[in-house]
Structures are given as C-alpha cells and as structure tokens.
Amino acid sequence: MSFGAATIRIEPLAPRHDRTAFRCGDDSLDRYIREQAGQDVRRGTARIFVAVACDQPERVLGFFTLSAAAVVPSDLPPEMERRLPRHPIPAALVGRLAIDRSVGRRGLGSVLLADAVKKTKFAAATVAMSVIVVDPIDETARAFYAAFGFRSLLGPQRRMFLPIP
Ligand SMILES: CC(C)(COP(=O)(O)OP(=O)(O)OC[C@H]1O[C@@H](n2cnc3c(N)ncnc32)[C@H](O)[C@@H]1OP(=O)(O)O)[C@@H](O)C(=O)NCCC(=O)NCCS
C-alpha cells in the first residue's frame, strides 16, 4: 500500500498523538519527537506536523519540523548568488523529517516533504522567503532530498536547498 490523501492525515503535533513507539532508525530523531518536540512548539522555535493513518489517528507514522532561517548568499550557487542582494536570504528550514520504519519506502517521506514545500509556498505569500533548506543526517537522506531536486549548499553545514517555486 502506498500513501495518499485518502489514507493519511497531516496535522499539527498535539498531546493526543502517541509517539512512544516511533522508530525511524535514527536514535536522535526518535528521541526528538518523543521528548523535545512539544517543548520546541511551546517555545515557538519550530512548528511540527505529524502524519497519522486515517484509521489509526493517534499513532505517529512520520513528522517534519518547519522554522524560519536564513541563507548566506555566498553559500548558494554563483548563478543564484549573482541575482540576490548581499545580505542573508530569508528561508524556511525543514530541520527534521522522519518516518516510522514500518512504513518505509512506500512514499510517506515524499508526501511529508511535498506538504512541507506546499506549506512554505503558502507562508511565503505573506512573509517573503526565497529558499527551502534541509538538514540531511546522512547520505541516504541526501539521496532522498536530491530525488526532489534539492541541491547542496556550499557552507560547512552540508545543508541542501530548493528555490521556492
Ligand atoms: C529518508 C526518509 C524520510 C525517506 O522516507 P520514505 O518514505 O522511505 O521515502 P519515499 O518512499 O518517499 O522515497 C522517495 C525517494 O527517495 C529516495 N530514497 C528514499 N529512501 C532511500 C534510501 N534508503 N536510499 C536511497 N534513496 C532513497 C528514492 O529516490 C525514493 O524514490 P523510489 O522509492 O521511487 O526509489 C526515511 O528513510 C527516514 O525517515 N529515514 C530516517 C530519518 C532521516 O534520514 N530523515 C531525513 C533527514 S532529517
């Protein structure tokens, strides 16, 4: 089974969401959604969206975080840098994105990333942002983001970016 609008819902993280069984294969991301995510929302440092199955709406199957960020123009490819002012460029950061291993390689990661891009485009109509930035944790994550058209930034953080269409 693959995932789509008829099978899953994406909604803001709330106390009713059960995160205890969430395992994505990376301990730091598992700990984050279990222990730290709620605090980030309360402090206003990240908005967090979770995916749940329509027929099991408590169990978290995946999540992503969205925050405001900035990109130094010199980290962008020269053809983009040339067209931009010299000060930091406003951006949206998908700081973390993960799906439960039980539903891996069935398209849920893609559905979450597409939703993050959609939400960012919508927000950018009100608060200007030029790029979406992601923080891949390893080479698998880089391959996942590259499949969506994300390219590497030049800075030391090894982030990737996608111009907001
Ligand atoms: C990376 C992750 C989000 C991918 O989620 P997913 O639901 O399995 O991904 P999808 O099924 O939507 O795959 C979309 C495309 O990404 C690429 N991709 C996904 N997993 C991949 C892997 N393990 N190796 C190489 N490419 C991969 C492929 O191009 C894939 O398309 P295909 O299946 O048609 O070949 C998921 O594996 C995960 O949560 N990993 C642990 C946490 C993590 O790395 N998060 C990202 C950085 S914070």
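Each ligand, and each atom within it, is numbered from 1 in the order the structure gives.
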What protein heavy atom sits nearest [atom], and how far off is it?
| atom | value |
| --- | --- |
| atom 36 (C) of ligand 1 | I99 CG1, 3.6 Å |
| atom 11 (O) of ligand 1 | G107 N, 2.9 Å |
| atom 4 (C) of ligand 1 | F144 CD1, 3.7 Å |
| atom 33 (O) of ligand 1 | R105 NE, 3.3 Å |
| atom 25 (C) of ligand 1 | A143 CB, 3.9 Å |
| atom 3 (C) of ligand 1 | L97 CD2, 3.5 Å |
| atom 29 (O) of ligand 1 | A147 CB, 3.6 Å |

Check ion pair [X]-[Y] (N to O, under 4.0 angstrom):
| X | Y | result |
| --- | --- | --- |
| D135 | R159 | yes |
| D115 | K119 | yes |
| E139 | R158 | yes |
| R86 | E81 | no |
| R151 | E79 | yes |

Are the side chain of [X] and the backbone of [Y] linked by a donor-acceptor contact shorter than 3.5 Å?
| X | Y | value |
| --- | --- | --- |
| T65 | R47 | no |
| D100 | R23 | yes |
| S130 | I89 | no |

[X] versus ligand 1: do any nitrogen or oxygen atoms come within less than 3.5 Å of each other?
| X | result |
| --- | --- |
| L29 | no |
| D135 | no |
| G95 | no |

- Query: Where does T140 meet ligand 1, judged by heavy-atom distances below 4.0 Å: at the side chain, the backbone, both, or neither?
  - Reply: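 Near ligand 1, T140 shows its side chain, while the N, CA, C and O stay back.
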- Query: For the residue pair D75 and V71, what are the closest heavy atoms and their distance?
  - Reply: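 Looks like CB-CG1, 4.5 Å.
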- Message: Counting only heavy atoms, tell me which of G109, A51, S110 gets closest to atom 7 (O) of ligand 1.
- Response: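 Shortest heavy-atom distance from atom 7 (O) of ligand 1: G109.
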- Query: Counting only heavy atoms on the protein side, is anything nearer than 4.0 Å to atom 9 (O) of ligand 1?
  - Reply: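 Within 4.0 Å: yes, protein heavy atom nearby.
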Just which atoms of ligand 1 are under 4.0 Å from any heavy atom in [X]?
| X | answer |
| --- | --- |
| C24 | 41 (C) |
| A141 | 44 (O), 46 (C), 47 (C) |
| Y145 | 46 (C), 47 (C) |

- Mutual orientation of the aromatic rings belonging to F63 and F22 [parallel < 30°, tilted 30-60°, perpendicular > 60°]: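 Geometry flag for F22 against F63: perpendicular rings.
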